[in-house]
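Read through the structure below, which is laid out as structure tokens, and then see the notes.
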Amino acid sequence: MLARATTHALVGLEAWPVEVEAHLQRGVPAFSIVGLPDKACQEAKERVRSGITSAELEWPLRRLTVNLAPAGLRKEGSGFDLPIALAVLAASHQIPAERLAQHAALGELALDGRVRPVPGALVAAEAARRAGLERLICPPESAPEAALAGIEPIPVEHLAQAGAYLRGTFKPPRVAPPEARNGSGGPDLADVRGQERARRALELAAAGRHNLLLAGPPGTGKTMLARRLPGILPELTIEQALEVTRIHSVAGLLPAGRPLVDRPPFRAPHHTASTAAIVGGGAGPRPGEATLAHRGVLFLDELAEFYRPALEALRQPLEDGSIAIARVQGHAVFPARFVLVGTMNLCPCGGRGDPAAQCSCSPQRLAAYRDKLSRALLDRFDLVVQVPRARSTELAGSPGEASAVVRGRVESAAVRLRDPPDLSKPGAELLARAVDSLPLSGRGRARVARVAETIAALAGEASVGAEHVAEALSYRSPTELGSWT
Amino acid sequence: MDLTVIHAIARHDPGYPPPLAELHDPPSRLFVRGEVDALSRPGVAVVGARSCSAYGAQVARTLARELAAVGVVVVSGLARGVDGEAHRGALEGGGRTVAVLGCGIDRDYPRSHAELARRIVASGAVVSEYPPGVEPAPWRFPARNRIIAGLSLATVVVEARERSGALITADFALELGRDVFAVPGEITSGLSAGTNDLLRQGAAPLTWVRDVLEGLGIEPEPTPRTASVSDAARSLLGLLGDGAAAADELTRASGLSSAEVAAALVELELGGLAAQADGVYRSFSPGRSPGARRPA
Ligand SMILES: Nc1ncnc2c1ncn2[C@@H]1O[C@H](COP(=O)(O)OP(=O)(O)OP(=O)(O)O)[C@@H](O)[C@H]1O
Ligand SMILES: [Mg+2]
Ligand SMILES: [Zn+2]
């Protein structure tokens, strides 16, 4: 007797349909899974057998072969447990096979038959819908996410429930797709006292999606400021939210009870992160931090501590907004359009830039520290600001402007930037003068011009004036300031 | 110009700089990359600590810029810190600068200054008494310092720790009977120990560029460059006259917005009236508004 269930395998950020065929034959009781399963998937045998017994269903004592088709597609992970169990139950006539064929299924089984969530429910649900299926049997945790795909999720807590549902004796609760909750969450800019210049740079970074480097002595609020950038970025459109949710779903990172990522993500990998962890790769391949930060912020705290190759690997996404990862079969392309925020001290001992402390670094140590941050990398930051130590009066001052107010300005500027203002004649003259008298590369010039557009847009001006260019010039990097060698 | 050309000037060649010949053991031969001509102009040495403070870097750079602007050749040792700032300042001032090496003429030492050396030889010169191939060695630096002093009609020390190389340069200059200036620093900083010693021994304190130029009989640039600065820039310059400050302090003190302050500071930087290091801005002539320079 043969029965089929439909499920999906994750390949990068996509879900590919997989047909699960369970075949029961006379013979010595045996159970094998064929069709390129990986190790986790092979272990499904134990979980499926144990789950079926725990659900007080019957384990067929015959020769059982499960085939995962197409055979050429590598099947990874434990999400095949539930569809395999259901196919086995249908093949052994414990549930109606025709009813199962109208569903997609996804989920891991615990040894006691409970159904557990697996990554990628949203993309699997979307693929099922594209294939014309209308219902997805899945763990309750994945149901809201699946509902986003416009499919009807059938949440089941236990394999026994799934069986009962397919036999028509259990009616699962309806699950509505989650709604976007706008404008909330995250730490607020009002917490930051003083630091007017850094706040201004943060606002520019948000409005023009400029990469920002915060440099200064320890404990001056650099990390604090960076964490407040997502809160002033414009809202995600519903398409963008779905795009980001898909990525986070595949990575298994959707927070419980918050299945729609409706605010720009904030990713802060540790400085020991490998290149693969940052840009993605490995089996799957898995998206890295740069992709998880898509449409949000990638925050590299203590930039100089990161592995050099990991930083260099970021140059491609910074340029293209996507990452191509070479695979045995062709390559996977992951989106990676993020605002990069870095922090660093001005020297290894942290004394530089702090009027109350003295730098005790030897010239060699200082030079080695600066060498670590290649010029090529520093060149990717449109905005570089020094974050000085705040005076005690400054810290005792009144709270700063709230994130919601700043976000309002950022949103109008972002709209204006769709049609960027033109460079005025005085603006162009100042820029030419700066190129002549400063160490400003061609790329540096283009960067200053872009930042000046953002400044003009925030000011609501129709053209980029000399004052906008001048301000933009003040955020150039230490190598362009000539104070680095 | 072919940058790989190395000129050699022997002790009795007509191109040998006369001030250098006054040393009691002048180099028998001088190797030169760049414009030999740069060695025949009046030079002033600007030297100091390799690990200088932001203040030292600023002073070295601005001083060199102003010297270069009136045609003085800035002489230094291509080292990190004060030396590098001095060369850069001279180039920014549109002038010439001479770097004296303590290794073979074909070496750019330190390597991180290779690009700077390339810019120096485009209008000025890199010189050494050592032929190509000679490796840098610590014991060659005092000998290098005697050439710096020898090529210069005056020597300015900007920050030096006790017993540092810059003090050796100053000693050679004193032996030659030339002017030695020391830039006053904080008495609490180890980086001022050497310069404060010089002051105690009778070196002249340098508080602005005119101090050096008067001794050389050179007229400072007459044009007041603040004539055309904006009101915002002028008010920041006034605040900077009371001491160095970060942009945020200027924002609070001036009542201007952070954006206006940023724009005005760039205006001052481009005009050579203020400079920034590690987030702290300084104007070069503390306590003097630029319009009212001290009479000669
Ligand atoms: N401007 C400020 N307003 C309010 N609180 C501040 C400010 N600056 C610093 N703090 C306080 O100091 C703490 C340390 O700040 P933060 O961790 O952001 O410093 P940092 O610059 O990232 O330091 P490090 O270089 O050591 O990482 C903050 O959690 C906050 O409580
Ligand atoms: Mg920090
Ligand atoms: Zn230090």
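Lettering follows sequence order; numbering is per chain, from 1. Keep in mind that what you see is a predicted model, and the values were worked out from it rather than measured.
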Could you tell me which portion of [X] (side chain, backbone, both or neither) has an atom closer than 4.5 angstrom to a non-hydrogen atom of chain A?
X	result
B/Ser189	both
B/Ala259	both
B/Leu265	neither

Salt-bridged, [X] to [Y], with N to O below 4.0 Å?
X	Y	value
A/Arg200	A/Glu471	yes
A/Glu429	A/Lys425	yes
A/Arg228	A/Asp191	yes

Quick one: closest heavy-atom pair of A/Ser424 and A/Ala466, and the distance?
OG-N, 4.3 Å
Which bit of A/Cys347 is near chain B, if near means a heavy-atom gap under 4.5 Å: side chain, backbone, both or neither?
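A/Cys347 has no heavy atom closer than 4.5 Å to chain B.
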Which atoms of A/Arg197 approach chain B - backbone, side chain, both or neither, heavy atom under 4.5 Å
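For A/Arg197, the contact with chain B is made by backbone and side chain together.
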Can you tell me if B/Tyr109 has over 12 outside heavy atoms packed within less than 6.0 Å of its OH?
no
